[in-house]
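Atoms within a ligand are numbered from 1 in the order they appear, just like the ligands themselves. Owing to the predicted nature of the structure, the values given are computational and were not obtained by experimental measurement.
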Amino acid sequence: MGSATRSKLPNEGMSIFTRMSQLALKYNAVNLSQGFPNFETDVRLQELVTRAMRQGYNQYAPLAGIPELREEIVKKIFRLHGRNYNVDTEVTVTNGATQALFLAITAFVHPGDEVIVLKPAYDSYEPTIELNGGVVIPVQLRELDFSIDWELLKSKLSPTTRMLILNTPHNPSATVLPKSEMLKLEELLKGTDIILLSDEVYEHIVFDRHQHHSASAIPGLAERAVVCASFGKTFHNTGWKMGYCVAPDHLMEEIRKIQQVNVFCVNHPFQKAFSEYLKEPQHYLELAHFYQKKRDYFLSLISGSRFNGKPSEGTYFQLLDYSDISEEGDVDFATRLVKESGVTAIPVSVFDNGRDRRRLRFCFAKTAETLERAAEILIKL
Ligand SMILES: Cc1ncc(COP(=O)(O)O)c(C=O)c1O
């Protein structure tokens, strides 16, 4: 074929998530690689969706999302973070957080604009920047604790920096940015036109003494931030692909122009269901406790193993260092782990331009039985 099929994303192959899941199937392995729960979303929420369908909410919804849902989102953010977004002009419901990220990058990144990505990072940011002709400026998080190297970050800012992408709680490191770090970011961006794209999909999954500090809670960040959220992560239904973003109205106006030509609007009956379900805050307020029990159970099950790692601070991932077991690179070790032992995990280097920290990411959003089956194998290594 000629130039008609010239790829816009020449470096995108099969993702490691697909590869690991295929290997998991082939070797009948316990799959702790992909980031989704293997238990059901609340039956009540399923019933709310069914009811909305029966009640006839089956045609196009408004572009921004139905007002009842936008109202609940605004109330939730105000209660938790103290910022009052405008229901009409500052909230848009999206097809999951991934689409919110896509909209924000597409709305603001012009060819040649630089976008700072803190690495390791979730895998959708960079291809989306590339598709829009932007230039990814990777900034490595510190080797041991994944904290931000502020001097390094400062040295990467330039007059063409258009956007900085932040993710807290962070996938894959499972760290949570403390308020002091969010304030440093506020200071760093002061006086610039840089847009902050704040990926907060794990906002409700934080453990121990850690707290989530949303960009929406910090005035100097909120005024430049597009904050992205995911119902899929929060309500155990990643397959529904529902989420939203909030941003000051002048930013949201541009985001909606992209939404208009991208999907126009999001699934109507699901919006109806979430607008009811969000009226009961316990569903998201109890999430941290729910996942902390799973994290603690998983860590207790593998406590006698040769894997090492600091307990996850947030997200439903646990990083484990395997350097006491093997000197192999993380992709090789992860591949051997599935083929010979029957457990899949994600090698962290795939989020980090191949930089190998000898760590694997395990997802503990799984039933007790699945965690037990995995741990039984891991403690023998
Ligand atoms: C950091 C991060 N952002 C965004 C997403 C995607 O969220 P959604 O499923 O709502 O598109 C994920 C999913 O793994 C993620 O880990």
Give every pair formed by an N or O atom of ligand 1 and a protein N or O atom closer than 3.5 Å, one pair per line with both atom names and the distance to 0.1 Å, or write none.
{"from": "ligand 1", "atom 1": "3 (N)", "to": "Asp199", "atom 2": "OD1", "distance (Å)": "3.3"}
{"from": "ligand 1", "atom 1": "3 (N)", "to": "Asp199", "atom 2": "OD2", "distance (Å)": "2.6"}
{"from": "ligand 1", "atom 1": "9 (O)", "to": "Lys241", "atom 2": "NZ", "distance (Å)": "3.2"}
{"from": "ligand 1", "atom 1": "10 (O)", "to": "Ala97", "atom 2": "N", "distance (Å)": "2.8"}
{"from": "ligand 1", "atom 1": "10 (O)", "to": "Ser230", "atom 2": "OG", "distance (Å)": "2.7"}
{"from": "ligand 1", "atom 1": "11 (O)", "to": "Ala97", "atom 2": "N", "distance (Å)": "3.2"}
{"from": "ligand 1", "atom 1": "11 (O)", "to": "Thr98", "atom 2": "N", "distance (Å)": "2.9"}
{"from": "ligand 1", "atom 1": "11 (O)", "to": "Thr98", "atom 2": "OG1", "distance (Å)": "2.6"}
{"from": "ligand 1", "atom 1": "11 (O)", "to": "Lys241", "atom 2": "NZ", "distance (Å)": "2.6"}
{"from": "ligand 1", "atom 1": "14 (O)", "to": "Lys233", "atom 2": "NZ", "distance (Å)": "2.7"}
{"from": "ligand 1", "atom 1": "16 (O)", "to": "Asn171", "atom 2": "ND2", "distance (Å)": "2.8"}
{"from": "ligand 1", "atom 1": "16 (O)", "to": "Tyr202", "atom 2": "OH", "distance (Å)": "2.7"}

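- A cation-pi contact links Arg361 to Phe317, judged by a cut-off of 6.0 Å to the six-membered ring centre and 45° from its axis.
- Cation-pi geometry between Arg83 and Tyr85 is satisfied (NZ or CZ under 6.0 Å from the ring centre, within 45° of the ring normal).
- Partners of Gln282 by side-chain hydrogen bond (donor to acceptor under 3.5 Å, both in side chains), not counting sequence neighbours: none found.
- Across all non-hydrogen atoms, the minimal contact from Val93 to Met242 is CG1-CE, 4.3 Å.
- Looking only at side-chain heavy atoms (C-beta outward), Ile129 and Ile105 come within less than 4.5 Å of each other.
- In summary, Glu126 and Lys119 engage in a salt bridge, as defined by a charged side-chain N under 4.0 Å from a carboxylate O.
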